[in-house]
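Start at 1 and go down the list; that is how both ligands and their atoms are numbered. Remember, it's a predicted structure, so these values are computed and weren't measured experimentally.
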Amino acid sequence: MSEPNSVPWWRDAVIYQVYPRSFADGDGDGMGDLPGITARLPHLAALGVDAVWLSPVYPSPQKDAGYDVADYRGIEAMFGTLDDFGRLSERAHELGLRVVMDLVPNHTSADHAWFRAALAAGPGSPERARYLFRAGDGDAPPNSWRSVFGGPAWTRVEDGSWYLHLFDSSQPDLDWTNPEVVAEFEDVLRFWLDRGVDGFRIDVAHGLVKAEGLPEWDHDQALLNGSAATGERPPMWDQEGVHEVYRGWRRVLDAYPGDRMLVAEAWVTPPERLARYLRSDEMHQAFNFDYLRAPWRATELRAVITSTLAAHETVGAPATWVLSNHDVVRHASRLGYPAGQEPTSGVGPDDPQPDAELGLRRARAATTFMLALPGGAYVYQGEELGLPEVTTLPAEVRQDPSFARTNGEDTGRDGCRVPIPWEGGEPSYGFGPGPASWLPQPELWGRLSVAAQTGVTGSTLELYRTLIALRRELHLGRGTLRWDEIDGGDVLAYTSADVLVVANLGPDPVAVPAGATLLVASGDLDAGRVPTDTAAWFRLP
Ligand code: GLC
């Protein structure tokens with residue numbers, strides 16, 4: 001049910017991702033928690049975002065930082081209680097912020113009651129039929145599929161059978177052809193909808209249904225990528241059956257008032273495949289990872305934006321734009337590499353290091369450019385402070401399962417998950433009442449804290465505040481993009497909602513049309529011209 005005569009909030013929302021382990025620690029144990037988040041919600045209201053998406057806070061052994069859920073209807077004790085969640089949600093709504101939960105339906109934790117029952121019940125039981133248990137091929141696993149985190153995707157249990165896990169062995173995949181699984185998750189959705197949540201981010205949305213018979217796949221599984229280099233679709237990703245699941249979920253959401261929404265984490269290309277998740281009876285939004293992965297070059301970015309908008313238009317869904325999240329190298333560091341060599345994952349102490357100054361300059365320009373694009377936008381906690389990836393974490397503090405499963409070959413994702421700085425000159429920089437934080441914070445955090453940047457002209461935090469406020473005031477998220485030709489160089493320019501947006505990715509400053517007045521820029525202009533690695537918004541005469 002939509003509110004009458006209104007544009008649903010999510011169509012042009014800026015949604016802020018809170019990574020609960022690392023946002024704010026209320027009790028001083030070094031781990032973020034719900035009371036910590038609630039106390040810091042005014043920061044998000046001041047930033048001007050529309051909604052908060054919480055990465056998983058369910059009971060979990062935290063083998064994959066909460067993406068291993070042991071109980072979908074509760075709150076992990078380390079994060080608080082259901083009452084704490086109620087208080088968070090109430091406070092968020094008071095401040096005008098919506099709340100989006102993270103739902104992890106591809107797999108449960110091995111500690112989930114269902115998986116324990118499956119192990120206890122043995123081969124052929126209905127308990128095992130909720131997961132993907134199979135007989136091996138002699139002593140070998142049932143097929144050669146690989147885990148996204150490295151190593152085989154199968155683990156053998158005592159009685160000799162194997163279970164599938166596309167991620168860590170502590171994350172057994174569910175069998176989505178089993179109606180009991182379907183019914184359970186619809187019920188979980190209702191559990192949280194009844195508690196007032198405004199939407200769900202759907203983890204690995206392209207993975208739930210596997211090709212019948214789990215056929216061999218000899219090509220590179222290309223990690224999470226739904227489309228192989230060969231042009232064939234891997235049997236574990238983007239299968240037709242997932243869409244039936246989302247049609248069911250849409251029916252569940254549509255029975256609730258207030259524009260509840262679903263956003264897909266689906267690593268599929270090309271955008272026409274992604275748009276299939278956004279048909280009018282499926283999800284509302286999907287993350288645009290093609291955009292996140294595009295190199296810092298005008299031609300590629302323009303091509304991604306154009307194909308994104310075209311594909312979304314065919315289904316009437318808004319595009320989304322995103323530059324950082326808890327799985328990829330923060331864009332203030334990613335963009336600190338030469339164009340075309342930006343790493344999305346795994347930068348460690350032994351790898352070539354980013355140029356921090358260049359990275360931040362480009363990141364500010366990239367965000368300025370992004371926040372005027374029509375559709376929804378996603379912001380990852382700490383990017384509003386210009387936080388870089390922490391590339392120097394020592395091996396002994398790393399917790400990402402992909403680090404252990406690859407013997408350290410994959411550095412993992414801990415570098416973008418370091419607890420964020422709020423104030424003060426020493427650890428934990430206001431993250432919690434004490435000095436502790438579950439990953440060590442670099443010294444630089446003192447200068448980048450919220451307090452250090454608040455009210456400081458030109459700070460990244462004030463840039464974000466200005467951009468988000470203007471975006472709202474000028475309804476930029478609801479605009480229609482028209483490309484402009486400004487210069488023959490490496491320049492991107494478009495007009496949307498009567499605002500001219502220019503990003504200069506080339507070496508020389510570019511001039512803008514006479515009479516255009518500056519609204520906001522990611523850096524200082526050069527005698528009215530937009531310098532290299534800078535983006536700006538102008539009002540047209
Ligand atoms: C998604 C999450 C990631 C997690 C994985 C398995 O990609 O974003 O953090 O490790 O799914 O649940």
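Shown in contact with R413 at under 4.0 Å from a heavy atom are these atoms of ligand 1, numbered in order with element: 3 (C), 4 (C), 9 (O), 10 (O). Residue H107 approaches ligand 1 through these ligand atoms, each under 4.0 Å from one of its heavy atoms: 6 (C), 12 (O). Ligand-side atoms of ligand 1 in range of V204: 1 (C), 11 (O), range being under 4.0 angstrom from any heavy atom.
Cation-pi geometry between R334 and Y337 is not met: the NZ or CZ atom fails to fall both under 6.0 Å from the ring centre and inside 45° of the normal. At least one test fails for R98 against the ring of W10: distance under 6.0 Å to the centre or angle within 45° of the axis.
Between F23 and H43, the angle of the ring planes lies from 30° to 60°, which puts this pair in the tilted group.
When the options F185, W114, F191, F200 are evaluated for a ring pair (Phe, Tyr, Trp, His ring centres under 6.0 Å) with Y72, the one that passes is F185.
Contact annotation: for F149 versus ligand 1, heavy atoms closer than 4.0 Å belong to the side chain alone. No part of Q17 comes within 4.0 Å of ligand 1, judged by heavy-atom distances.
Within the 4.0 Å heavy-atom shell around ligand 1 one finds R417.
Judged by distance alone, the side chain of T406 and the main-chain N or O of G150 form no donor-acceptor pair under 3.5 Å.
For the atom pair CG of D187 and CZ of R73, the computed distance is 4.5 Å after rounding to the nearest 0.5 Å.
For atom 1 (C) of ligand 1, the nearest non-hydrogen atom from the set D203, D168, D68 comes from D203. Scanning D327, D102, N106 for the heavy atom closest to atom 3 (C) of ligand 1 points to D327.
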